[in-house]
Protein chains: 2
Amino acid sequence: MIMDERKFLILQAIVDDYITTAAPVGSRTISRKSGVGFSPATIRNEMSDLEQLGYLAQPHTSAGRVPSYKAYRLYVDQLLNVSKLPPEEREKMNAYLSKKTDQVGTLIRSAAAVISDATRYTSVIVAPKLSTLRIRNLQMVPVSDTLALMVIVTNAGIVKDTVIRVPEGITPDMLYEISRMLTEQLADKPIEAVRQLFAELIRDMGEHRRLLAEAMQVIEEKMTHADESDVVIGGGANMLSYPEYQDAGKAQNFLSVLESRDKLQKALAGGSGMEVTIRIGPENGLPELSDCSVLTATYQAGDDSVGRLGIIGPTRMNYSRAISVLRYVGMALSELLSDRK
Amino acid sequence: MIMDERKFLILQAIVDDYITTAAPVGSRTISRKSGVGFSPATIRNEMSDLEQLGYLAQPHTSAGRVPSYKAYRLYVDQLLNVSKLPPEEREKMNAYLSKKTDQVGTLIRSAAAVISDATRYTSVIVAPKLSTLRIRNLQMVPVSDTLALMVIVTNAGIVKDTVIRVPEGITPDMLYEISRMLTEQLADKPIEAVRQLFAELIRDMGEHRRLLAEAMQVIEEKMTHADESDVVIGGGANMLSYPEYQDAGKAQNFLSVLESRDKLQKALAGGSGMEVTIRIGPENGLPELSDCSVLTATYQAGDDSVGRLGIIGPTRMNYSRAISVLRYVGMALSELLSDRK
DNA sequence: TGTTAGCACTCAACTCGGTCGAGTGCTAAC
DNA sequence: GTTAGCACTCGACCGAGTTGAGTGCTAACA
């Protein structure tokens with residue numbers, strides 16, 4: 001048995017219908033649809049074939065059919081046509097986002113809100129990771145005799161800070177001088193390259209070795225351990241409005257994923273290109289999200305990919321709309337981050 | 001009719017029982033309890049009185065009784081004895097918290113997690129507000145020719161930063177000098193007092209007037225507009241495990257409050273002293289939380305009250321435990337923030 | 001040979017009546 | 001004042017019956 005034109009057509013109609021109703025789809029329903037000119041009986045035969053092929057499943061004998069993950073995969077890969085967002089909607093999003101451009105954190109939170117409002121799904125954005133950024137300025141601000149705050153300003157105006165210990169005998173003015181020197185040395189270098197530069201500096205400049213070593217260690221740590229605060233969620237409660245999540249246990253299960261930064265990071269990871277990556281149901285690897293789909297994309301600051309943004313929704317989500325919203329917001333975010341001088 | 005000793009005893013037993021079972025309490029149940037030596041019939045008479053007095057309500061004639069808000073209020077005010085946390089539990093919390101003391105943000109997130117883990121309710125912590133802090137160091141770090149990052153380090157090592165515009169012709173070294181001067185002038189002053197100092201400075205130092213004015217305006221804004229990121233939530237999904245919130249609509253309603261920083265701020269506001277404030281059901285003013293109770297307390301950095309922390313749970317929450325956890329974590333948080341030199 | 005009408009069959013969802021049991025209020029006795 | 005007893009109430013639960021959406025199969029048709 002092989003998939004022919006008509007099977008595609010019928011499968012598409014079934015998925016389309018299921019996406020909006022969340023109820024098993026029967027042969028009559030499909031037959032009634034415009035564009036499909038066959039009787040219910042014919043449709044039934046085809047549906048039976050599609051079930052055989054693994055694209056459909058029946059909850060029980062006398063129910064309609066429900067698309068399988070395989071069906072969604074096919075639907076997304078071949079049957080989907082992504083429409084552009086209407087201009088007025090783009091305009092609205094743009095207006096909302098460009099108001100919030102001052103602080104990167106706020107911008108990202110707003111972007112998450114825009115996505116979840118526009119799709120009614122849950123949105124997740126990973127803030128720019130230190131390891132993908134370039135240093136623009138590094139400054140150590142004294143906090144007390146023994147502590148300083150190391151502030152790293154990166155491209156796109158993204159700021160990271162940490163407390164570091166300062167060896168005895170280093171005055172605020174010395175801190176400033178060292179910061180200036182470091183900034184000069186490190187400016188515009190990607191953080192990846194900083195390690196080596198630091199090693200050289202520590203070798204050449206014996207006198208502040210301890211301070212530099214401390215700073216290096218902190219940067220190192222910041223780069224490897226993702227900061228908890230760096231994942232932003234929008235519309236976490238949206239999922240509860242879908243019939244799939246009326247069951248409180250399931251809902252709690254889903255929400256617990258949102259509360260675990262680790263799992264979220266894992267869900268968003270992978271897929272490096274600019275294009276939207278789609279993981280359907282079990283494909284995303286997290287058992288808790290086995291009946292969700294996760295769409296992810298990358299956003300940039302300048303020419304560097306700096307973070308990922310994503311949408312989590314039920315497998316029967318409106319992929320077309322989700323994709324276009326994700327694309328658009330990703331683009332807008334990249335632009336706003338790159339504009340910052 | 002008046003509340004006598006026995007009525008108190010019975011009401012207490014009813015509330016105690018309802019808190020653990022969430023099911024209407026019948027006269028037999030109370031009669032069986034140790035400490036109450038009356039027959040069901042007597043209890044019924046008393047319960048009838050208590051209903052008349054507004055402390056109990058009946059879902060329907062042949063069900064048991066459910067405590068009203070008035071009953072919880074009485075229970076909390078007069079019938080509750082708050083036990084201390086067992087030492088091993090304190091120890092565990094302490095150990096977990098003191099590991100996280102490096103970054104204030106992380107510390108607060110951990111504290112929220114500790115509270116929600118210990119109580120199985122939802123915890124909320126408002127990060128230290130700028131207006132309650134003292135400046136320790138102020139530094140402007142150049143980001144580009146026209147932008148700088150103003151970093152304000154406050155007591156307790158809490159850091160706030162904002163991007164500000166820099167008028168043309170101001171070099172990084174000048175920024176440093178100005179920062180140094182400002183730090184000298186402002187150090188250890190509460191932010192409340194900064195306004196006036198700034199005004200004086202702007203008057204006296206004509207040359208950098210524009211920069212100072214910009215900085216002032218930004219500080220002003222930061223002080224009045226609470227930052228979105230400053231509210232941290234722990235265990236938002238916990239509520240879903242209680243029978244009161246099995247209904248998806250109710251659950252969504254509750255979660256939407258957690259997503260609105262405004263409403264959360266409002267829920268936590270008020271009650272300035274160190275003691276735990278308890279708002280039961282409608283008392284908290286938010287219709288969305290009308291069947292929740294909100295406990296709030298204040299935490300300090302040094303001698304200044306800097307933020308609030310709270311627990312949101314069902315009205316039938318275990319007040320005794322919630323209060324002791326909130327007290328303990330509030331104290332621990334204050335200590336950890338004050339220790340920072 | 002592919003399509004369709006017809007028909008028997010399946011099964012969840014809903015309805016309805018009956019039973020069960022937890023709980024109440026009232027009354028009368030202790 | 002307290003309590004035992006009893007009639008009553010009412011949601012929860014159970015099982016039988018009905019409904020309706022949907023299927024698979026077969027035979028007829030183009």
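Below, chain A is the first sequence line, B the second, and so on; all start at residue 1.
- Between A:N238 and A:Y121, the shortest heavy-atom distance links the atoms ND2-O, 2.9 Å.
- Between A:L56 atom CG and D:dT23 atom P the separation is 10 Å, expressed in whole Å.
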| Does the pair A:K263 and A:E288 meet the rule for a salt bridge (charged side-chain N to carboxylate O under 4.0 Å, His left out), with working shown? | CA-CA 10 Å; A:K263 288 186 183 160; A:E288 295 93 336; 2.7 Å; yes
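- Note that the CG atom of A:L255 and the CG atom of A:L240 stand 5.5 Å from one another [nearest 0.5 Å].
- A salt bridge is defined here as a Lys NZ or Arg NE, NH1 or NH2 lying under 4.0 Å from an Asp or Glu carboxylate O, and A:K266 with A:D262 fails to meet this definition.
- Applying the ring-ring contact (aromatic ring centres under 6.0 Å, His included) test to A:Y75 and every residue at least two apart in sequence or in another chain returns nothing.
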Heteroatom pairs (N/O) under 3.5 angstrom, protein to nucleotides 3-6 of chain D:
from  : atom 1 : to    : atom 2 : distance (Å)
D:dT3 : OP2    : B:S39 : N      : 3.4
D:dT3 : OP2    : B:T42 : OG1    : 2.6
D:dG5 : O6     : B:R44 : NH2    : 3.4

Close N or O pairs between protein and nucleotides 14-17 of chain D (under 3.5 Å):
none

| Verdict with reasoning, B:L11 to B:L56, per side chain to side chain contact (heavy atoms under 4.5 Å, CB included) | CA-CA 8 Å; B:L11 186 60; B:L56 296 178; 3.8 Å; yes
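- Proximity of residues 9-27 of chain B to DNA chain C (heavy atom under 4.0 angstrom from any strand atom) is restricted to B:G26, B:S27.
- Evaluation of the salt bridge (charged side-chain N to carboxylate O under 4.0 Å, His left out) test over residues 19-38 of chain A, restricted to residues two or more places apart or in two chains, returns A:D17-A:K33.
- B:R28 has its CZ atom 11 Å from the C1' atom of C:dG21, to the nearest Å.
- Remark: B:A113 engages no residue in a side chain to side chain contact (heavy atoms under 4.5 Å, CB included) (not counting sequence neighbours).
- Residue B:L50 contributes atom CG, which lies 12 Å from atom P of C:dG25 at whole-angstrom precision.
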| message | Before you tell me yes or no, could you show the steps for A:N253 and A:Y245 under side chain to side chain donor-acceptor pair (under 3.5 Å), namely the whole-Å CA-CA distance, both residues' side-chain angles and the distance that decides it to 0.1 Å? | response | CA-CA 10 Å; A:N253 196 22; A:Y245 285 87; over 6 Å; no
| Pairs counted as Watson-Crick or G-U wobble with both distances under 3.5 Å: what dot-bracket string results for DNA chain C, using | for bases tied to another strand? | ||||||||||||||||||||||||||||||
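- Applying the salt bridge (charged side-chain N to carboxylate O under 4.0 Å, His left out) test to every pair with at least one member in residues 80-91 of chain B, sequence neighbours left out, gives these pairs: B:E89-B:R321.
- For A:R6, the side chain to side chain contact (heavy atoms under 4.5 Å, CB included) test picks out A:D4, A:I10, A:F38, A:T42, A:E46, with sequence neighbours left out.
- With rounding to whole Å, B:Q58 atom CD is found 8 Å from C:dG23 atom C1'.
- With sequence neighbours left out, B:A112 forms a side chain to side chain contact (heavy atoms under 4.5 Å, CB included) with B:S123, B:I125, B:V232.
- Residues A:L258 and A:I233 share a closest heavy-atom pair of O-CD1, 3.2 Å.
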Taking only N/O atoms, report every protein-nucleotides 10-13 of chain D pair under 3.5 Å with atom names and distance.
from   : atom 1 : to    : atom 2 : distance (Å)
D:dC10 : OP1    : B:T61 : OG1    : 3.2
D:dC10 : O4'    : B:S62 : OG     : 3.0
D:dC10 : O2     : B:S62 : OG     : 3.1

| Working for side chain to side chain contact (heavy atoms under 4.5 Å, CB included), residues A:V15 and A:L79 | CA-CA 10 Å; A:V15 175; A:L79 309 174; over 6 Å; no
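- In this structure, the nucleotide among D:dG24, C:dT24, C:dG25 sitting nearest to the side chain of B:M47 is C:dT24.
- Atom P of nucleotide D:dT2 and atom CG of B:D49 are separated by 11 Å, given to the nearest angstrom.
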Pairs of donor and acceptor atoms involving the side chains of residues 65-72 of chain B, under 3.5 Å and at least two apart or interchain, shall be tabulated with distances.
from  : atom 1 : to     : atom 2 : distance (Å)
B:R65 : NE     : B:E51  : OE1    : 3.0
B:R65 : NH2    : B:E51  : OE1    : 2.7
B:S68 : OG     : B:G54  : O      : 2.7
B:S68 : OG     : B:Y55  : O      : 3.2
B:S68 : OG     : B:K70  : N      : 3.3
B:S68 : OG     : B:A71  : N      : 3.4
B:Y69 : OH     : B:S290 : O      : 3.3
B:K70 : NZ     : B:L53  : O      : 2.7

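- Across the protein-nucleic acid pair, A:E51 atom CD and D:dG22 atom P stand 15 Å apart, rounded to whole Å.
- In plain terms, the two heavy atoms of B:A269 and B:R308 that are nearest each other are C-NE, 4.4 Å.
- If you measure from atom CD1 of B:I43 to atom P of C:dT24, you get 10 Å, rounded to the nearest angstrom.
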